[in-house]
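First up is the structure itself, then whatever we jot down about it.
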Amino acid sequence: MPEGDSLHRAARRLQVLVGERVEAESPHPRGAATGVARAVDGRVLESVEAVGKNLLLRFEGGVTVRSHLRMSGRWRIGRRGPRRVGSPWLVLRSRDWEAAQWNGPVLSLGGGEALRRLGPDLLADDTDVAAVAERVRCGGAARLLGEALLDQRLVSGLGNMWLAESLHRAGVSPWLPVEDATSEELRAALDEGRRLMRASVGGARPTRFVYRRAGRPCPRCGTPVRSRGLGEANRTAYWCPACQRGPVVPS
């Protein structure tokens, strides 16, 4: 699933269209059904920003498009050329550039209500990590840490991969109840997530120590990394049972 860093990278690449009057079309029937292409065709794209896992494209006339990629969506940006093979949900073209959103699955006009439900964007410059840590503690005290940090209403941007890597670097287990985590541990996990995603946005690709490495030795202590479905959503958690503080989880 594309995480916050992927959306921030897409927002950066889409800047080549900002200030341009764009041609818009939706070759995919489900994309066409959203009415987005009709609403923005011929309008100037005024700004693009990422908020958590959402991409917001604001056009002249107060028209805003929200894109959420969920598991399979992608934005591809490149020089304008011959029409692409296939059916993207949305294509935006300037004189020189073309951006296409493939595989949906969330493309809509507006989106203000969905954004109001989001917690602070971990990648935003003005996000106070200490305040976010307390927000997680107050809003998710009865939950497991790994589940609470994926709740976009508490903090937005983190997904499974950076969750696993940030908790490993902070030395806390995704199975640790939030109420048992110290303030220092919560801040450390969020700080690591912010640092890792910012490095990714900047072009680096931080080493993955536990994500999708089940059965391989932890690079810190050598214990085999474990994986198991976590929480109501049953998302796969990856962790080292020896050097990440938390309860013993049965095999």
Side-chain angles (χ1 to χ4, degrees), residues 1-20 22 36 40 45-59 64-78 88-92 94 97-108 110-112 114-133 135-136 149-167 169-170 187 189-208 211 235:
M1 173 187 290
E3 303 187 19
D5 56 313
S6 299
L7 275 299
H8 278 260
R9 288 197 303 272
R12 283 189 177 184
R13 297 198 304 273
L14 280 162
Q15 297 304 313
V16 295
L17 289 173
V18 171
E20 299 287 334
V22 300
V36 167
V40 304
L45 177 60
E46 295 182 335
S47 68
V48 180
E49 69 169 327
V51 180
K53 298 181 182 181
N54 299 270
L55 200 62
L56 300 179
L57 298 89
R58 295 188 173 90
F59 293 82
T64 299
V65 174
R66 172 183 172 239
S67 166
H68 192 299
L69 302 178
R70 290 193 178 169
M71 295 295 292
S72 59
R74 294 288 184 275
W75 276 93
R76 296 176 183 170
I77 299 97
W89 279 46
L90 178 66
V91 180
L92 303 174
S94 68
W97 296 92
E98 175 181 292
Q101 191 228 43
W102 294 81
N103 302 329
V106 178
L107 184 67
S108 63
L115 295 177
R116 283 191 291 272
R117 294 196 298 266
L118 289 179
D121 183 350
L122 195 54
L123 280 170
D125 291 337
D126 59 354
T127 294
D128 182 338
V129 172
V132 175
R135 179 186 178 92
V136 171
L149 290 179
L150 289 178
D151 187 338
Q152 301 299 296
R153 296 168 298 180
L154 297 178
V155 54
S156 61
L158 277 175
N160 244 26
M161 180 173 69
W162 294 129
L163 170 75
E165 295 302 325
S166 60
L167 289 179
R169 285 163 170 79
R187 288 198 297 270
L190 291 164
D191 274 331
E192 288 293 345
R194 183 184 180 99
R195 181 182 66 81
L196 291 167
M197 287 197 292
R198 281 188 164 180
S200 176
V201 172
R205 195 62 173 170
T207 302
R208 296 190 306 196
Y211 182 71
R235 292 186 180 177

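These numbers were taken from a predicted model, which means no experiment stands behind them.
The side-chain hydrogen bond (donor to acceptor under 3.5 Å, both in side chains) test applied to Gln15 returns no partner, not counting sequence neighbours. In this view, Trp75 satisfies the ring-ring contact (aromatic ring centres under 6.0 Å, His included) rule with no residue, not counting sequence neighbours. Qualifying side chain to side chain contact (heavy atoms under 4.5 Å, CB included) partners for Thr127, counting only residues two or more places apart in sequence or in other chains: Pro120, Ala124, Val132, Arg194. Residues forming a side-chain hydrogen bond (donor to acceptor under 3.5 Å, both in side chains) with Thr64 (at least two apart in sequence, or on another chain): none. Checked against side-chain hydrogen bond (donor to acceptor under 3.5 Å, both in side chains), Glu192 has the following partners two or more places apart in sequence or in another chain: Arg195. For Arg169, the salt bridge (Lys or Arg N to Asp or Glu O under 4.0 Å) test picks out Glu165, with sequence neighbours left out. By the salt bridge (Lys or Arg N to Asp or Glu O under 4.0 Å) test, Arg198 is found to be paired with Asp125, residues two or more places apart in sequence or in another chain being considered. Remark: Arg117 engages no residue in a side-chain hydrogen bond (donor to acceptor under 3.5 Å, both in side chains) (not counting sequence neighbours). Contacts of Asp151 classified as salt bridge (Lys or Arg N to Asp or Glu O under 4.0 Å), with partners at least two apart in sequence or in another chain: Arg143, Arg153. Shown here are the side chain to side chain contact (heavy atoms under 4.5 Å, CB included) partners of Ala164, two or more places apart in sequence or in another chain: Val210, Tyr211, Tyr238. Residues satisfying the salt bridge (Lys or Arg N to Asp or Glu O under 4.0 Å) test with Glu49, not counting sequence neighbours, are Arg58.
Closest of all the heavy-atom pairs between Gly4 and Lys53 is N-CG, 4.3 Å. Taking both residues in full, the closest heavy atoms of Gln152 and Leu158 are given as NE2-O, 3.1 Å, listed atom of the first, atom of the second, then distance. Across all non-hydrogen atoms, the minimal contact from Ala189 to Ser166 is O-CB, 3.5 Å. Annotation for Ala99 and Leu14: closest pair CB-CD2, 3.4 Å, computed over non-hydrogen atoms. Between Leu122 and Met197, the shortest heavy-atom distance links the atoms CD2-CE, 4.0 Å. What you find for Leu118 and Ser156 is that their closest heavy atoms are CD2-CB, 4.3 Å.
At a threshold of 4.5 Å between non-hydrogen side-chain atoms, the residues Arg135 and Val155 do not count as touching. Contact check for Trp89 versus Val36: no side-chain heavy atoms found under the 4.5 Å cut-off. Side-chain contact between Leu7 and Leu123 is absent, with no heavy-atom pair separated by less than 4.5 Å. In this structure, Val40 and Leu45 have side chains that are not in contact, with every pair of non-hydrogen atoms separated by 4.5 Å or more. Side-chain contact check for Leu17 versus Leu57: every heavy-atom pair is 4.5 Å or farther apart.
At distances below 3.5 Å, at least one donor-acceptor pair connects side-chain atoms of Asp121 with backbone N or O atoms of Gly52. Distance alone, capped at 3.5 Å, places no donor-acceptor pair between the Ser67 side chain and the Leu107 backbone. Using modelled atom types, no side-chain atom of Gln101 and backbone atom of Arg74 make a donor-acceptor pair closer than 3.5 Å.
Sorted by first then second residue, the salt bridge (charged side-chain N to carboxylate O under 4.0 Å, His left out) pairs that include residues 10-19, not counting sequence neighbours, number zero.
Summarising the geometry, atom CD belonging to Glu20 is positioned 12.0 Å from atom CG belonging to Leu92; distances are rounded to the nearest 0.5 Å. Atom OG1 of Thr207 sits about 10.0 Å away from atom CG of Leu196, to the nearest 0.5 Å.
Side-chain contact of Ser200 with Asp5: a donor-acceptor pair under 3.5 Å is present, judged by distance alone.
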